[in-house]
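Dumping the structure here so I can ask a few things about it.
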Amino acid sequence: QVQLVESGGGLVQAGGSLRLSCAASGRTLSSIHMGWFRQAPGKDRESVAAISRSGGSTSYADSVKGRFTISRDNAKNMVYLQMSGLKPEDTAVYYCAAKPVGSGSYDYWGQGTQVTVSS
């Protein structure tokens with residue numbers, strides 16, 4: 001079992017920055033691939049960014065490339081999403097998720113943190 005708790009969301013003006021944090025417990029992060037997802041009202045949940053268990057490989061949705069950076073600190077069991085150049089369309093609930101090695105899906109999810117970008 002993995003427990004995930006996100007923090008760092010809030011209200012920010014367009015062009016601003018936020019850093020989301022995800023604290024993991026119950027299992028060492030070094031054996032788990034991690035991702036950030038978001039869901040806006042009335043829309044499907046979408047993948048935002050992902051990072052391999054070592055941190056050596058990352059991927060991003062086209063809509064956030066160049067603006068968002070995913071990182072992890074396995075020693076602290078933490079995953080981060082640095083967001084800059086925020087746009088109103090980035091407004092959503094952001095979720096941290098964990099995909100254990102050998103699993104084909106993200107099996108564990110946090111409760112989400114709200115990010116609101118005003119124009």
Side-chain angles (χ1 to χ4, degrees):
Q1 291 286 334
V2 180
Q3 293 79 43
L4 304 170
V5 178
E6 303 96 334
S7 61
L11 174 64
V12 63
Q13 288 188 331
S17 299
L18 280 175
R19 188 176 83 152
L20 304 184
S21 298
C22 174
S25 61
R27 188 168 172 178
T28 178
L29 269 191
S30 60
S31 63
I32 304 174
H33 303 295
M34 299 295 296
W36 284 96
F37 293 75
R38 67 186 181 187
Q39 187 167 22
K43 294 188 177 181
D44 292 335
R45 184 172 60 196
E46 63 173 347
S47 175
V48 174
I51 187 167
S52 63
R53 57 181 178 145
S54 69
S57 177
T58 58
S59 62
Y60 298 91
D62 287 343
S63 59
V64 307
K65 278 181 183 175
R67 300 189 297 122
F68 290 12
T69 301
I70 188 171
S71 62
R72 65 192 295 162
D73 185 337
N74 287 345
K76 295 182 179 179
N77 265 17
M78 296 291 294
V79 181
Y80 306 98
L81 185 68
Q82 179 67 48
M83 307 184 294
S84 60
L86 283 162
K87 305 174 182 180
E89 50 263 45
D90 293 319
T91 295
V93 177
Y94 283 72
Y95 298 90
C96 174
K99 181 167 67 176
V101 172
S103 173
S105 62
Y106 285 88
D107 295 334
Y108 304 99
W109 295 81
Q111 82 289 349
T113 185
Q114 176 71 46
V115 172
T116 303
V117 184
S118 63
S119 57

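We count residues from 1, following the sequence as given. Note: hydrogens, waters and symmetry copies are ignored here, and every other heavy atom, side chains too, is used.
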Nearest-0.5 Å distance, CE of residue M78 to OG of residue S71: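 It is 9.5 Å, given to the nearest 0.5 Å.
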
Qualifying disulfide bond (SG atoms under 2.5 Å apart) pairs, either residue in residues 17-119, two or more places apart: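 Qualifying pairs: C22-C96.
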
Non-hydrogen atoms of S30 and R72 that approach each other most closely: N-NH2, 4.4 Å

Q3: side chain to side chain contact (heavy atoms under 4.5 Å, CB included) partners, not counting sequence neighbours: Q1, S25

Residues in side chain to side chain contact (heavy atoms under 4.5 Å, CB included) contact with S84, at least two apart in sequence or another chain: S17

side-chain hydrogen bond (donor to acceptor under 3.5 Å, both in side chains) partners of T69, counting only residues at least two apart: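 If we apply the side-chain hydrogen bond (donor to acceptor under 3.5 Å, both in side chains) test to T69, skipping adjacent residues, there are no hits.
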
Shared-cluster residues of V48, by chain and number - hydrophobic side chains joined below 4.5 Å: V2, L4, V12, L18, L20, L29, I32, M34, W36, I51, Y60, V64, F68, I70, V79, L81, M83, L86, Y94, Y108, V115, V117

Side-chain (N74) to main-chain (R53) donor-acceptor, under 3.5 angstrom: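 Yes; judged by distance alone, with no hydrogens or angles, the pair exists.
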
Which residues share a side chain to side chain contact (heavy atoms under 4.5 Å, CB included) with S57, sequence neighbours left out: S52

Non-neighbouring partners of K65 that pass salt bridge (charged side-chain N to carboxylate O under 4.0 Å, His left out), sequence neighbours left out: D62

By side-chain hydrogen bond (donor to acceptor under 3.5 Å, both in side chains) - contacts of D107 (at least two apart):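 For D107 the side-chain hydrogen bond (donor to acceptor under 3.5 Å, both in side chains) partners, ignoring immediate neighbours, are S103, S105.
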
Cluster companions of V101 among Ile, Leu, Val, Met, Phe, Trp, Tyr (side-chain spacing under 4.5 Å): none

Donor-acceptor pair, side chain of E6 and main chain of Q111, under 3.5 angstrom: yes

Shortest non-hydrogen contact between S47 and F37, atoms and distance: CA-CD2, 3.5 Å

Test log, rule side-chain contact (heavy atoms from CB on, under 4.5 Å), inputs T91 and Q114: CA-CA 8 Å; T91 295; Q114 176 71 46; 4.0 Å; yes

Under the side chain to side chain contact (heavy atoms under 4.5 Å, CB included) test, residues paired with S7 that sit two or more places apart: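 Checked S7 against side chain to side chain contact (heavy atoms under 4.5 Å, CB included); matches are S21.
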
Euclidean distance, K87 NZ relative to S119 OG, rounded to 0.5 Å: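 Between S119 OG and K87 NZ, I get 14.0 Å after rounding to 0.5 Å.
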
Those residues that, when tested against D90, pass side-chain hydrogen bond (donor to acceptor under 3.5 Å, both in side chains) (two or more places apart):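 In terms of side-chain hydrogen bond (donor to acceptor under 3.5 Å, both in side chains), with neighbours along the sequence ignored, D90 is linked to R38, R67.
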
Validation row: P100, R27 side chains within 4.5 angstrom (heavy atoms): yes

Ring pair (Phe, Tyr, Trp, His ring centres under 6.0 Å) partners of Y95, counting only residues at least two apart: none

